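Treat the numbers as computed from the prediction; the structure is a model and nothing was measured.
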Amino acid sequence: MVVKGRGHQVLPDCSRPTLPGVVSERACVFYGARWMLAAVPDVIHLVHGPVGCAYYGRTVRRKSYRLLSTGLDERDIVFGAGDKLFDAIMEAAARYPEARAVLVYATCAVGLTGEDILRACKRAAGKIGRKVVPVNSPGFCGQSQAAGHDIAAAMLLEHFIGTGGKRELIDNAVNILGEFDIQGDLNEIEDLLSQLGLKVNCAFSGRASTSAMADAHRVRLNIIHCRRTGQTLADAMRERFGTPYLKVSFFGPAETTSAIKVIGKFFGVARVEEFISRANQKAESEAAPFLQQLAGKRVALFFGASRIGSMAKVFGELGMEVVMAGSQYGCRGDYQEAEAKVANGAVLIDDAHDKELAELMRKQRPHLLVGGTKEKYLAHKMGVPFLVFPQEMGPFAGFRGFVNLARQTAGLVSGPVWRLAHG
Ligand code: SF4
């Protein structure tokens with residue numbers, strides 16, 4: 001943890017394991033892989049492990065997905081479960097003939113026993129005539145869920161992305177990398193891009209069917225929206241297919257404006273200024289009453305890594321002071337970006353546990369905590385309003401998303417119930 005002060009930049013220690021015994025807010029590598037892959041629609045998701053892992057990995061970004069499990073027990077751990085996995089793949093493929101492929105997630109139990117998942121996958125693939133792909137994600141094989149994101153991205157690159165034949169470009173098509181389509185964010189982004197005459201081929205992985213991924217190498221531009229996973233995919237696709245990329249954010253009017261300008265420039269679209277100024281004016285006038293309520297209020301941020309910087313900027317645009325910006329598994333780049341967006345005196349923290357968060361809330365006295373569901377009850381017990389991010393109600397991306405964020409934030413901060421909680 002560091003406190004931003006004057007002088008040279010200091011960043012918190014990051015990308016290191018949690019101390020043994022500390023109850024971390026991080027998730028396991030398997031869950032990181034689920035975070036990336038859960039929304040891939042036309043494949044069978046099969047968890048090779050005890051049923052508890054599947055229960056844990058079923059709900060991602062507050063949506064429940066169909067997830068099958070081999071339901072391993074003690075006997076399978078002792079004697080091996082390769083045949084059980086093979087039978088499960090065959091049964092799943094028969095039950096869901098429309099699925100284009102099977103993803104088999106490895107969990108801690110099979111990671112420890114050294115189960116030969118690849119062999120069972122190859123054998124089953126030969127029988128069913130569809131791809132059966134292992135996702136090598138035992139929970140313990142990395143420091144946090146971030147390793148699972150990387151494993152999932154590597155798997156998509158190896159088995160799905162750009163497998164659709166020759167690279168004949170699709171006119172005015174783009175991919176969005178690191179966009180998970182939360183509460184309509186992707187629709188907002190698509191709507192903005194359609195003003196430039198562009199269409200989205202594939203959004204990794206909020207809207208990533210196997211056929212869209214197969215054609216992903218045929219777009220003219222990759223747009224990185226979430227830096228961590230997006231950058232990995234963008235670098236690999238540039239190297240393999242020569243696809244250029246741009247890194248942007250669609251959160252907040254300032255970033256959205258510059259995103260539209262830079263993408264419009266890439267495609268040589270004229271007259272974007274007019275559209276941007278109209279959208280900005282509308283957002284400004286609709287958000288104005290909420291901004292009045294939020295002026296000068298303090299906000300603390302603690303959530304997944306790569307959006308802490310862009311969201312710190314958006315809360316600044318709401319007129320709020322960001323007094324803490326933390327993440328469960330941020331890397332140096334994430335904290336560098338966040339550091340540039342917060343004022344002196346703000347705390348930057350990596351991998352905080354709940355006691356540290358409680359202590360920081362007492363010290364920094366935010367009017368609002370923004371975080372994942374795990375931090376919600378901590379905030380409420382301390383009498384502090386809480387905004388879930390990724391969000392639960394409506395989009396936050398684009399100009400309309402900004403107004404929605406302003407409305408929700410003002411509603412939370414000025415709710416009369418908090419006066420009772422403090423009293
Ligand atoms: S840590 Fe291991 S056992 Fe626990 S949910 Fe993750 S993969 Fe399953």
Exercise for the section: Measure from NZ or CZ of Arg66 to the centre of the six-membered ring of Tyr96, then state whether that distance is under 6.0 Å and the direction lies within 45° of the axis. Expected result: yes

Handout entry: Test item: Arg307 side-chain N/O and Phe389 main-chain N/O as donor-acceptor pair under 3.5 Å
Key = no

Handout entry: NZ/NE/NH1/NH2 to OD/OE distance under 4.0 Å, Asp350 and Arg26
Key = yes

Fill in the blank from the handout: Tightest non-hydrogen contact, residues Leu369 and Val384, listed as N-CG1, 3.9 Å

Exercise for the section: Pick out which of Asn201, Leu246, Leu177 makes a side chain to side chain contact (heavy atoms under 4.5 Å, CB included) with Asn222. Expected result: Leu177

Handout entry: Side-chain heavy-atom pair His367, Leu412 within 4.5 angstrom cut-off
Key = no

Exercise for the section: Indicate yes or no: at least one non-hydrogen side-chain atom of Glu284 is less than 4.5 angstrom from one of Pro253. Expected result: no

What donor-acceptor contacts under 3.5 angstrom involve side-chain atoms of residues 36-53, with partners at least two apart or in another chain?
| from | atom 1 | to | atom 2 | distance (Å) |
| --- | --- | --- | --- | --- |
| Asp42 | OD1 | Thr210 | N | 3.2 |
| Asp42 | OD2 | Thr210 | N | 3.2 |
| Asp42 | OD2 | Thr210 | OG1 | 2.7 |
| His45 | ND1 | Arg34 | NH1 | 3.3 |
| His45 | ND1 | Tyr105 | OH | 2.8 |
| His45 | NE2 | Val40 | O | 3.0 |
| His48 | ND1 | Thr70 | OG1 | 2.9 |

Exercise for the section: With the side chain counted from C-beta on, respond yes when Asn404 and Gln391 share a heavy-atom pair under 4.5 Å apart, and no when they do not. Expected result: no

Completion exercise
Value for CZ (Arg298) from CE (Met361), rounded to nearest 0.5 Å, stands at 11.5 Å

Handout entry: Value rounded to 0.5 Å, distance of CG in Leu348 from CG in Asp334
Key = 11.5 Å

Problem - Side chain to side chain, Ile223 and Leu193, heavy atoms closer than 4.5 Å - result: yes

Fill in the blank from the handout: Those residues at least two apart in sequence (or on a different chain) that pass ring pair (Phe, Tyr, Trp, His ring centres under 6.0 Å) with Tyr31 are Tyr56

Exercise for the section: Could you tell me whether the side chain of Asp185 and the main chain of Phe396 form a donor-acceptor pair under 3.5 Å? Expected result: yes

Handout entry: side chain to side chain donor-acceptor pair (under 3.5 Å) involving Arg95 - partner list, sequence neighbours excluded
Key = Glu91

Exercise for the section: Using the side chain to side chain contact (heavy atoms under 4.5 Å, CB included) rule, take Phe160 and Leu103 through it: C-alpha gap first, then chi angles, then the decisive distance, then the call. Expected result: CA-CA 11 Å; Phe160 293 98; Leu103 302 184; 3.9 Å; yes

Completion exercise
Sorted by chain and residue number, the ring pair (Phe, Tyr, Trp, His ring centres under 6.0 Å) partners of Phe302 (sequence neighbours excluded) come out as none

Problem - Geometric class of the Trp418/His380 ring pair [parallel <30°, tilted 30-60°, perpendicular >60°] - result: tilted

Exercise for the section: Return yes when atom CZ of Arg167 has more than 12 non-hydrogen atoms of other residues, nucleotides or ligands closer than 6.0 Å, and no otherwise. Expected result: yes

Completion exercise
Rounding to 0.5 Å, atoms OH (Tyr55) and OG (Ser69) come to a distance of 14.0 Å

Exercise for the section: Would you check if the side chain of Gln183 reaches a backbone N or O of Glu392 as a donor-acceptor pair within less than 3.5 Å? Expected result: yes

Exercise for the section: Any chance you could lay out the side chain to side chain contact (heavy atoms under 4.5 Å, CB included) test for Phe399 and Thr257, step after step, and finish with the verdict? Expected result: CA-CA 9 Å; Phe399 297 104; Thr257 298; 3.8 Å; yes

Practice task
Kindly indicate whether the side chain of Gln328, heavy atoms from C-beta on, has any atom under 4.5 Å from the side chain of Thr18.
Solution key: no

Problem - Ser327 versus Gly304, closest heavy-atom pair with distance - result: OG-C, 4.0 Å

Practice task
Kindly give the heavy-atom pair with the smallest separation between Phe204 and Phe180, and that separation in Å.
Solution key: O-CE2, 4.3 Å

Completion exercise
One should read off an interatomic distance between Leu169 CG and Leu221 CG, to the nearest 0.5 angstrom, of 11.0 Å

Completion exercise
Value for CD (Gln336) from CG (Leu11), rounded to nearest 0.5 Å, stands at 5.5 Å

Practice task
For residues Val299 and Pro366, determine if any side-chain heavy atom of one lies less than 4.5 Å from a side-chain heavy atom of the other.
Solution key: no

Handout entry: Selection residues 127-138 - residue pairs positive for side chain to side chain donor-acceptor pair (under 3.5 Å), sequence neighbours left out
Key = none

Handout entry: Nearest heavy-atom neighbours spanning Glu356 and Ile349
Key = OE1-CD1, 4.4 Å

Exercise for the section: Applying side chain to side chain donor-acceptor pair (under 3.5 Å), name anything that partners Gln293, two or more places apart in sequence or on another chain. Expected result: Ser414

Exercise for the section: Kindly give the heavy-atom pair with the smallest separation between Lys84 and Asp76, and that separation in Å. Expected result: NZ-OD2, 2.8 Å

Problem - Heavy-atom neighbours of Arg62 CZ exceed 12 at 6.0 Å - result: yes

Problem - Qualifying side chain to side chain donor-acceptor pair (under 3.5 Å) pairs with a residue from residues 108-121, counting only residues at least two apart or across chains - result: none

Problem - Pairwise side-chain contact, Glu339 with Val2, heavy-atom cut-off 4.5 Å (strictly under) - result: no

Problem - Evaluation steps, side chain to side chain contact (heavy atoms under 4.5 Å, CB included), between Asp235 and Tyr245 - result: CA-CA 8 Å; Asp235 287 340; Tyr245 67 78; 3.4 Å; yes

Problem - Residues in side chain to side chain donor-acceptor pair (under 3.5 Å) contact with Lys376, at least two apart in sequence or another chain - result: none

Exercise for the section: Decide if atom CZ of Arg407 counts as having more than 12 heavy atoms of other residues, nucleotides or ligands within a radius under 6.0 Å. Expected result: yes

Fill in the blank from the handout: Residues at least two apart in sequence or cross-chain that pass ring pair (Phe, Tyr, Trp, His ring centres under 6.0 Å) with Phe386, listed by chain then number, are none

Handout entry: Asn344 side chain near Lys4 side chain, heavy-atom distance below 4.5 Å
Key = yes

Handout entry: Pairs flagged by salt bridge (charged side-chain N to carboxylate O under 4.0 Å, His left out) wherever residues 195-216 is involved - sequence neighbours left out
Key = Glu190-Arg207, Asp215-Arg218

Exercise for the section: Give a yes or no on whether a salt bridge exists between Lys313 and Glu317, defined as a side-chain N under 4.0 angstrom from a carboxylate O. Expected result: no

Exercise for the section: Mind listing the closest non-hydrogen atom pair of Ala346 and Gln364 along with its distance? Expected result: CA-NE2, 4.2 Å

Exercise for the section: For Lys122, look at atom NZ and say whether over 12 heavy atoms of other residues, nucleotides or ligands are found less than 6.0 Å away. Expected result: no

Handout entry: Full working for side chain to side chain contact (heavy atoms under 4.5 Å, CB included) between Val60 and Tyr65
Key = CA-CA 8 Å; Val60 178; Tyr65 292 93; 4.0 Å; yes

Do any side-chain atoms of residues 138-152 form donor-acceptor pairs under 3.5 angstrom with protein atoms, and if so which ones, sequence neighbours left out?
| from | atom 1 | to | atom 2 | distance (Å) |
| --- | --- | --- | --- | --- |
| Gln143 | OE1 | Arg16 | N | 3.3 |
| Ser144 | OG | Ala146 | N | 3.1 |
| Gln145 | OE1 | Ala27 | N | 2.9 |
| Asp150 | OD2 | Arg228 | NH2 | 3.3 |

Fill in the blank from the handout: Rounded to the nearest 0.5 Å, the CG atom of Leu301 sits from the CD atom of Glu375 at a distance of 11.5 Å

Exercise for the section: Name all residues meeting the ring pair (Phe, Tyr, Trp, His ring centres under 6.0 Å) criterion together with Phe241; count only those two or more places apart in sequence or in a different chain, and write none if there are none. Expected result: His217

